[in-house]
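Inspection log for the structure reproduced underneath, given as structure tokens.
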Amino acid sequence: MPAVNIEIIKECPETGARAGVLHTPHGSFPTPMFMPVGTQATVKTLSPEELKEMGAGIILSNTYHLFLRPGHELVEKAGGLHKFMNWDQGILTDSGGFQVFSLGAMRKIREEGVEFRSHIDGAKKLLTPEIATKVQEALGADIIMAFDECMPYPADLSYAKNSTDRTTRWAARCKAAHSRTDQALFGIVQGGMHKELRQKSAEELVDMDFPGYAVGGLSVGEPKEMMYDMLAATTCHLPKEKPRYLMGVGTPDCLVEGVALGVDMFDCVFPTRVARNGTCMTRTGRLVVRNAEFADDFRTIEEGCGCYACKNYSRAYIRHLFKAEEIFGLRLLSLHNLYFLLQFMRDMRQAIIDGVFPQFRKNFLEGYSL
RNA sequence: GGAGGGGUUCCCGAGUGGCUAAAGGGAGCAGACUGUAAAUCUGCCGCGUUUCGCUUCGGUGGUUCGAAUCCACCUCCCUCCA
């Protein structure tokens, strides 16, 4: 039995949605699950206790960032990431593949790996499949990710093919370099917006027999319909008995569709970033609570929400905090947005278990505006 | 009473003859944000029928083809001397 495995409890007969439990060395959590992002070994503004209380069973952290600062050796010396950041539940570390994409001109991709220019001090750094794997072993997350290239959109067929094939070769190198048995290494399907490449990537990774599979390279600027299309063209080639993780997706509409296409795990900076910028998420859409229309709106962010912010504060107060640049405002909205998404996932899971997911999905999408 | 300095678009504050509806900052308003270089970034910010027109720089009058910018008087504020 691999260190991380999923137990499927119920599948939706009409869609690909599934409800389950994912087991890790640091506890189990229900799926589908949304994983809050804590890039630098902290989910910005929130404490582990607060995350636990809202039901986050696993959070994300980042290889590239921790590699640069404070350095994986230091985290290892601290006793590993769990201990270092005082989080005793699941952790997944991203490999740095996304930084290959987001650092743009500050990096150079070669077969060996990727040469980065540190965004902190400009120092030249090398990340290869082997290094990314070793760094992640030192960090000690429960789930670690293969080092991939998250290619830009659009990418023509020839670029996409080269990139995808290289990502597949890198995945094999990550697997060969990975030795810890108490953590699971997930492969990442790429392929750009080309279905045949998605299929090829998925099949080749499945042949390598990873304990879980991620779908990468989506939500990078393409239209949503295209993203759903690519996701569908990917999940259908993944084994049912293993966890599936859609990387970087996090708006409610995308989450329902992702779940409908058989995804078990998601992560996204969206809820926390947008929170710090004054926007809150609700079942019916977004609310830019920093805007003037809420100046004397003494209602709670979202009626019926059980989060700390909604139980105690008004839109007008939170708007005031934002206008006054008080950090408590960032915290309240981060708390709300994450609670909201986590609750949303619980509701979806319950709907799958109750056999009413298709109706749930339809109702939600009808009442939600982008 | 005397000497000097100053009054600029919501605020602070540049600008001393045309390139000025007027720098810059703040405030305000709006938008963006999807494996976090993000408590960030972008746009708007006199009025309108908005690639053009109109009205603004304490007030009035004047010089000039042309004035926020030069001159006169008035007015208000600040500093210093009696």
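Atom CE of A/Met281 and atom P of B/U34 are 12 Å apart (whole Å). One interatomic measurement links the two molecules: OH of A/Tyr368 to P of B/U34, which rounds to 14 Å at whole-angstrom precision. When rounded to the nearest whole Å, the span between CZ of A/Phe270 and C1' of B/A38 equals 13 Å. Computed from coordinates, the A/Ile91 CD1 to B/G35 P distance equals 19 Å when rounded to whole Å. Rounded to whole angstrom, the span from the CG atom of A/Leu287 across to the C1' atom of B/C33 amounts to 16 Å. Rounded to whole Å, atom P of B/A37 lies 11 Å from atom CD1 of A/Ile120. Distance CZ (A/Phe101) to P (B/A38): 15 Å, rounded to an integer number of Å. Atom CZ in A/Arg273 sits about 19 Å away from atom P in B/G31, given to the nearest Å.
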With the criterion being N/O to N/O and under 3.5 Å, what pairs connect the protein with nucleotides 39-42 of chain B, and how long is each?
residue: B/A39; atom: OP2; partner: A/Arg276; partner atom: NE; Å: 2.8
residue: B/A39; atom: OP2; partner: A/Arg276; partner atom: NH2; Å: 3.2
residue: B/U40; atom: N3; partner: A/Asn277; partner atom: OD1; Å: 3.4
residue: B/U40; atom: O4; partner: A/Asn277; partner atom: OD1; Å: 3.2

Provide a list of protein-nucleic acid N or O atom pairs under 3.5 angstrom, restricted to nucleotides 43-46 of chain B.
none

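The gap from the C1' atom of B/C81 to that of B/C11 amounts to 34 Å, rounded to the nearest Å. For the P atoms, the distance linking B/G6 with B/C10 amounts to 23 Å, nearest Å. Nucleotides B/G25 and B/C44, compared at atom P, are 13 Å apart to the nearest Å. B/A68 sits 10 Å from B/C19 when the P atoms are compared, rounded to a whole Å. Nucleotides B/G58 and B/U69 are separated by 15 Å at their C1' atoms, to the nearest Å. Nucleotides B/U8 and B/G46 are separated by 13 Å at their C1' atoms, to the nearest Å. Taking atom P in both B/C74 and B/G24, the straight-line distance is 38 Å, to the nearest Å. Taking atom P in both B/U49 and B/U63, the straight-line distance is 37 Å, to the nearest Å.
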Evaluation steps, ring pair (Phe, Tyr, Trp, His ring centres under 6.0 Å), between A/Tyr339 and A/Tyr308: CA-CA 9 Å; A/Tyr339 181 97; A/Tyr308 172 74; over 10 Å; no
Using the rule given for side-chain hydrogen bond (donor to acceptor under 3.5 Å, both in side chains), can you reason through A/Thr168 versus A/Asp165, listing the C-alpha separation, both sets of side-chain angles and the distance that settles it, and then say yes or no? CA-CA 5 Å; A/Thr168 302; A/Asp165 286 346; 5.1 Å; no
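Map A/Thr251 and A/Met106 each onto its nearest nucleotide of RNA chain B; the residue landing nearer the 5' end is A/Thr251.
Within the structure, salt bridge (charged side-chain N to carboxylate O under 4.0 Å, His left out) pairs that include any residue of residues 342-357 of chain A comprise A/Arg283-A/Asp347 (at least two apart or interchain). A side-chain hydrogen bond (donor to acceptor under 3.5 Å, both in side chains) check over residues 27-39 of chain A, counting only residues at least two apart or in different chains, returns the pairs A/His23-A/Ser28. Pairs engaging residues 109-138 of chain A under the ring-ring contact (aromatic ring centres under 6.0 Å, His included) rule: A/Tyr64-A/Phe116, A/Tyr64-A/His119, A/His65-A/His119 [sequence neighbours left out]. Listed by first and then second residue, the ring-ring contact (aromatic ring centres under 6.0 Å, His included) pairs that reach into residues 34-63 of chain A come to none, sequence neighbours excluded. For residues 4-14 of chain A, the set of pairs meeting the salt bridge (charged side-chain N to carboxylate O under 4.0 Å, His left out) definition, not counting sequence neighbours, comprises A/Glu11-A/Lys240. Within the structure, every pair that satisfies the salt bridge (charged side-chain N to carboxylate O under 4.0 Å, His left out) test and touches residues 18-28 of chain A, not counting sequence neighbours, is listed here: A/Arg18-A/Asp264. Sequence neighbours left out, the pairs with a member in residues 302-327 of chain A that pass salt bridge (charged side-chain N to carboxylate O under 4.0 Å, His left out) are A/Asp297-A/Arg315.
Applying the 4.0 Å criterion to OP1 and OP2 of B/U34, one finds that A/Ser219 has every side-chain N and O outside that range. Contact annotation: A/Ser102 side-chain N/O to B/A37 OP1/OP2 distance is under 4.0 Å. Taking side-chain N and O atoms only, A/Lys323 has a distance below 4.0 Å to OP1 or OP2 of B/C29. Taking only side-chain nitrogens and oxygens, A/Gln99 comes nearer than 4.0 Å to OP1 or OP2 of B/A37.
With 3.5 Å as the limit, one finds no donor-acceptor pair spanning the side chains of A/Thr167 and A/Gln190.
A/Tyr368 and A/Leu255 end up in the same hydrophobic cluster when Ile, Leu, Val, Met, Phe, Trp and Tyr side chains are linked at under 4.5 Å. In this structure, A/Phe322 is not a member of the same hydrophobic cluster as A/Phe298, with clusters built from ILVMFWY side-chain heavy atoms closer than 4.5 Å.
Pairing for B/U40 is with B/A32, a Watson-Crick or G-U wobble pair whose two hydrogen-bonding atom distances lie under 3.5 Å. Nucleotide B/C65 forms a pair with B/G18, judged by Watson-Crick or G-U wobble geometry with both contacts under 3.5 Å. Pair check for B/G24 finds B/C12; Watson-Crick or G-U wobble, both atom distances under 3.5 Å. Figure legend. B/G4 is base-paired to B/C78; pairs are counted as Watson-Crick or G-U wobble with both atom distances under 3.5 Å. Applying the Watson-Crick and G-U wobble criteria (two distances, each under 3.5 Å), B/C52 pairs with B/G48.
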Output side-chain donor-acceptor pairs under 3.5 Å for residues 76-84 of chain A, partner residues at least two apart or in another chain, one line each.
residue: A/His82; atom: NE2; partner: A/His26; partner atom: ND1; Å: 3.2
residue: A/His82; atom: NE2; partner: A/Gln89; partner atom: O; Å: 3.1
residue: A/His82; atom: NE2; partner: A/Asp142; partner atom: OD2; Å: 2.9

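Within the 4.0 angstrom heavy-atom criterion, no nucleotide atom of any strand lies near A/Ser118. At the heavy-atom level, A/Gln190 lies under 4.0 Å from base atoms of the strands shown. When heavy atoms are screened at a 4.0 angstrom cut-off, A/Met145 is found touching no nucleic acid atom at all. When heavy atoms are screened at a 4.0 angstrom cut-off, A/Ile188 is found touching base atoms of the nucleic acid. Residue contacts for A/Thr272: at a heavy-atom cut-off of 4.0 Å it reaches a base atom on one of the strands shown.
Listed by residue number, the members of residues 47-72 of chain A with any heavy atom below 4.0 angstrom from RNA chain B are A/Leu60, A/Asn62, A/His65.
Under the salt bridge (charged side-chain N to carboxylate O under 4.0 Å, His left out) criterion, A/Lys108 pairs with no residue, sequence neighbours left out.
The two residues A/Ile59 and A/Trp87 make their nearest non-hydrogen contact at CG1-NE1, 3.7 Å.
Nearest to the side chain of A/Val249, among B/U34, B/A30, B/U36, sits B/U34.
The base of B/G35 is paired with the side chain of A/Asp94 by a donor and an acceptor separated by under 3.5 Å.
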